[in-house]
Amino acid sequence: MDRRRRLAVVLKRGLAVAALALAACGEADVARPEDVAFTPADAPQIAREISWLADGADLRQHFLSEPAECAVLPEDFDAREAYEIGRAAFRSPLLLGGQAARLGVSCNTCHRGGRSNPDFQFPGASGAPGTADVTDAFFSEVRGDGEFNPVAIPDLADRAAAKIDRDAPGELEAFIRGLVVEEFAGDEPPPKVLDGLAAYVRAQRREACPETATVALDAGRRVDDLERAFAAAEALFEQR
C-alpha cells in the first residue's frame, strides 16, 4: 500500500466519532464513509468549531466542504515554494499562538480557503454571522480597545476591498506581521513564513475563482493538504 493510500485509510478511521459529533447537533444523516476524512483526534476540534458557528449553519456543508481557492499559482519555483509555505502556515493555529492556538483557530478559520466565513460567530467577538471584532482583548490585549465593534470578515480574493496595497513592497508583510503578533499575540513569524504568508495572500484574486464554488473536504483533499504541508515544512527546513 503506497503512502497516499495509507494516509487515506488512517484519515477515514474517525468516521464514527465525527458522525456522532455532528449527529449530536442535529445532523444525523452525516455522510458516506468515502466522503469523510476525520480521525478520532478531530473530535475535540469539531466540538470547538461548532461553538463558533452561527445558529442555523449547515454543519454538513461546513465540515464536508469549503470555498474553492481563488489563487493564481506562481510559476517560478522559488515563488511557488514560498506560496506553499504560506498556505501551510495559513492553516495552522500554531501561527497565531495564545488563545487562538489553544482553541485551534487559524487564519483559515475566518478565511476558509482564503475566502471568508459567513457562518463564523465567535461568542463575545462577533456580532452578526460572518463578523469579528479585531480589537477584542480576548485574543490579545495589544489591540484591545474596550469597545465592541465587529466588522465583516473580508474575502481575500476581493482585492478591491483590501485595506492596503498588496503589491507595495513590504506593506503586506508588515500588515500580516501585525495581525499575528499584535491581534493574536503570536510569536514573531520567521522571515520565510512571513514571506510565504504574503505570497499566499497576494495570489488570491477574484478572477482566478474556479467555476465550482466549493471543494469537498474528503479524504483525498485532506491527504493532498497534508502532503503539501509536509513538502512546505521540508522546504522550510532545507532553507535554514
Side-chain angles (χ1 to χ4, degrees), residues 1-14 18 34-39 41-42 45-46 49 62-97 100-101 104-117 155-157 166 172-173 176 179-180 186 189-240:
M1 186 181 295
D2 62 24
R3 180 187 179 196
R4 179 180 289 270
R5 290 185 61 196
R6 287 200 304 270
L7 283 170
V9 169
V10 171
L11 289 170
K12 288 183 179 180
R13 287 178 179 172
E34 61 268 26
D35 294 332
V36 180
F38 300 115
T39 71
D42 288 315
Q45 180 61 22
I46 290 172
E49 286 191 39
H62 179 87
F63 288 106
L64 299 182
S65 67
E66 74 174 8
E69 289 178 292
C70 300
V72 177
L73 300 181
E75 296 182 2
D76 176 77
F77 178 82
D78 291 339
R80 179 60 182 268
E81 196 169 76
Y83 170 91
E84 291 294 337
I85 290 172
R87 185 179 188 275
F90 191 86
R91 286 158 172 71
S92 173
L94 298 180
L95 170 73
L96 301 181
V105 173
S106 67
C107 299
N108 199 62
T109 298
C110 290
H111 303 281
R112 303 187 75 219
R115 308 296 300 282
S116 60
N117 185 354
D155 181 343
L156 298 186
R166 295 183 186 177
L172 181 57
E173 287 82 355
I176 293 174
L179 294 179
V180 173
K192 292 292 184 181
V193 171
L194 187 57
D195 289 345
L197 287 165
Y200 178 75
V201 173
R202 282 196 183 99
Q204 309 306 313
R205 295 176 180 272
R206 180 81 68 184
E207 59 268 28
C209 291
E211 292 184 3
T212 303
T214 61
V215 293
L217 293 179
D218 55 15
R221 175 59 181 245
R222 285 285 293 270
V223 170
D224 286 341
D225 283 346
L226 283 172
E227 290 185 335
R228 291 175 72 170
F230 289 152
E234 289 173 356
L236 193 58
F237 181 80
E238 290 174 357
Q239 293 177 21
R240 295 177 60 185

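Numbers here simply count residues along the sequence, with the first being 1.
- Around the CD atom of E75, the shell of radius 6.0 Å holds no more than 12 heavy atoms that belong to other residues, nucleotides or ligands.
- Shown here for P67 and V215, the closest heavy-atom pair between the two residues is O-CG2, 4.3 Å.
- In this structure, A157 and R115 approach most closely via the heavy-atom pair CB-NE, 3.9 Å.
- R228 contributes no side-chain N or O that, together with a main-chain N or O of I85, makes up a donor-acceptor pair within less than 3.5 Å.
- Counting all heavy atoms, side chain and backbone alike, R112 lies closest to S65 at NH2-O, 2.9 Å.
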After noting the C-alpha distance and the side-chain angles of L156 and R166, does the key distance pass the side-chain contact (heavy atoms from CB on, under 4.5 Å) rule?
CA-CA 11 Å; L156 298 186; R166 295 183 186 177; 4.2 Å; yes
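- Between the side chain of N117 and the backbone N or O of T109 there is at least one donor-acceptor pair closer than 3.5 Å.
- Using a 4.5 Å heavy-atom cutoff, the side chains of L217 and L64 are not in contact.
- Using a cut-off of 4.0 Å between Lys/Arg side-chain N and Asp/Glu carboxylate O, D218 and R222 are scored as not salt-bridged.
- Proximity of R206 to D155: side-chain heavy atoms (C-beta onward) are separated by under 4.5 Å at one or more points.
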Derivation and outcome, side-chain contact (heavy atoms from CB on, under 4.5 Å), residues H111 and Q204:
CA-CA 11 Å; H111 303 281; Q204 309 306 313; over 6 Å; no
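- Inter-residue side-chain proximity for Y200 and E84 is flagged as unmet; no heavy-atom pair is nearer than 4.5 Å.
- In this structure, C107 and L95 have side chains that are in contact, with non-hydrogen atoms separated by less than 4.5 Å.
- In this structure, R80 and P74 have side chains that are in contact, with non-hydrogen atoms separated by less than 4.5 Å.
- To the nearest 0.5 angstrom, N108 atom CG is 4.5 Å from R91 atom CZ.
- Between V105 and P93, the closest side-chain pair of non-hydrogen atoms is not below 4.5 Å.
- Looking only at distances, a side-chain donor or acceptor of S92 sits under 3.5 Å from a matching main-chain atom of L94.
- Side-chain contact between R202 and V72 is absent, with no heavy atoms from C-beta onward closer than 4.5 Å.
- Summarising the geometry of A89 relative to V193, their closest heavy-atom pair is CB-CG1, 3.9 Å, with the distance given to 0.1 Å.
- Using a 4.5 Å heavy-atom threshold, the side chains of R87 and E69 count as touching.
- Counting all heavy atoms, side chain and backbone alike, A203 lies closest to Y83 at CB-CE1, 3.6 Å.
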